[in-house]
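Quick note on labels: first sequence line is chain A, next is B, and so on, each numbered from 1. Note that the structure is predicted; figures quoted are calculated from it, not measured.
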Amino acid sequence: MDLLDVLTEESIALDVEADDWRDSIRQVGRVLVETGAIEPRYIDAMIRTVEQIGPYLVLAPGVAMNHARPEDGVNRVCLGLVRLRTPVNYGSAHNDPVDIVIALGAVDHEAHLKLLRDLACFLSDEENIRRVRRASTKQEVIAAFRRCAERAAGGQS
Amino acid sequence: MPKELRIATICGMGFGTSLILKYGVDDVLAEAGITGCTVEACDLGSAKASHTDLIVAADDMRALLDGAKQRVVYLHSMTNKKEMREKVLPVVRELLGS
């Protein structure tokens with residue numbers, strides 16, 4: 001499963017307001033609940049993950065990738081992305097404040113691996129993250145991911 | 001037979017952040033032409049208990065890894081390959097004795 005199979009206009013929201021880090025997870029979770037990919041209880045599980053294990057899932061400066069376990073209420077593999085109007089702090093020592101909030105839903109230990117490979121590749125180039133920050137439409141966000149995927153595919157052939 | 005180095009990238013659950021980290025470490029090792037390493041993504045509990053030689057983890061997990069018997073490399077960013085090259089490669093080379 002490729003990243004662009006699950007990252008669609010329906011799973012992206014731009015310039016969302018969030019009160020704090022918990023609310024940022026609720027916002028990206030809400031997007032995925034509306035698509036039917038997760039149950040509302042998955043949102044609480046993602047919040048509990050940060051409460052229990054800490055803010056390590058703020059992967060890179062300004063970028064958080066929230067997730068919980070498949071059994072916490074994932075209906076299908078999904079990726080949501082919310083860009084916040086005002087960044088929030090997760091308590092990360094080096095990567096706060098966060099304005100790009102990603103949520104991952106996995107159904108097992110296998111199906112999302114290619115998707116995460118794509119995401120790792122995307123996030124490893126800061127220019128890609130800047131493209132997401134600059135994007136004025138959801139289509140531009142998707143285009144940034146597509147550009148990265150095409151370049152990666154080109155490099156392999 | 002060259003010595004094989006077992007590296008664990010870790011996160012709270014073993015299938016999100018730790019995989020992102022694994023893919024980055026895989027790439028950095030391959031770029032540097034370092035062979036003889038296996039990189040496995042796992043959760044915190046099994047990483048501390050398992051027979052790995054080296055743990056790579058988020059700096060934000062430092063307190064949770066207190067008492068780990070393995071060497072641990074902490075990274076500020078899970079996606080920055082420059083930081084991975086600078087912090088992971090010297091330790092890998094040292095442990096491989098190369």
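The shortest distance between side-chain heavy atoms of B:F15 and A:P70 falls below 4.5 Å. Counting heavy atoms from C-beta outward, A:E126 and B:T79 have side chains that stay 4.5 Å or more apart.
Of all heavy-atom pairs between B:D60 and A:A93, the closest is OD1-N, 3.0 Å. Taking both residues in full, the closest heavy atoms of B:T17 and A:H67 are given as N-NE2, 4.0 Å, listed atom of the first, atom of the second, then distance.
Aromatic ring pairs are classed by plane angle as parallel below 30°, tilted from 30° to 60° and perpendicular above 60°; the pair B:H76 and A:H94 is parallel.
Distance check: B:M84 CE to A:S124 OG gives 8.0 Å after rounding to the nearest 0.5 Å. Taken from CG in B:L75 to CG in A:L59, the straight-line distance is 11.5 Å, to the nearest 0.5 Å. Atom NZ of B:K22 and atom CG of A:L116 lie 12.0 Å apart (nearest 0.5 Å). Here the CG atom belonging to A:L123 is positioned 6.0 Å from the CD1 atom belonging to B:I20, to the nearest 0.5 angstrom.
Contacts of residues 48-58 of chain A with chain B at a heavy-atom distance below 4.5 Å involve A:T49, A:I53, A:P55, A:Y56, A:L57, listed in sequence order. Contact annotation for residues 129-138 of chain A against chain B (heavy-atom separation below 4.5 Å): no residues qualify.
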Report the C-alpha separation of A:D118 and B:Y23 in whole Å, then their side-chain angles, then the decisive distance to 0.1 Å, and conclude whether the side-chain contact (heavy atoms from CB on, under 4.5 Å) test is met. CA-CA 10 Å; A:D118 295 344; B:Y23 296 136; over 6 Å; no
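Ion pairing between a basic and an acidic side chain is recognised when a charged N comes within 4.0 Å of a carboxylate O; A:R117 and B:D27 show such pairing.
Only the side chain of A:A106 has a heavy atom closer than 4.5 Å to any heavy atom of chain B.
No more than 12 heavy atoms of other residues, nucleotides or ligands shown are found within 6.0 angstrom of NZ on B:K82.
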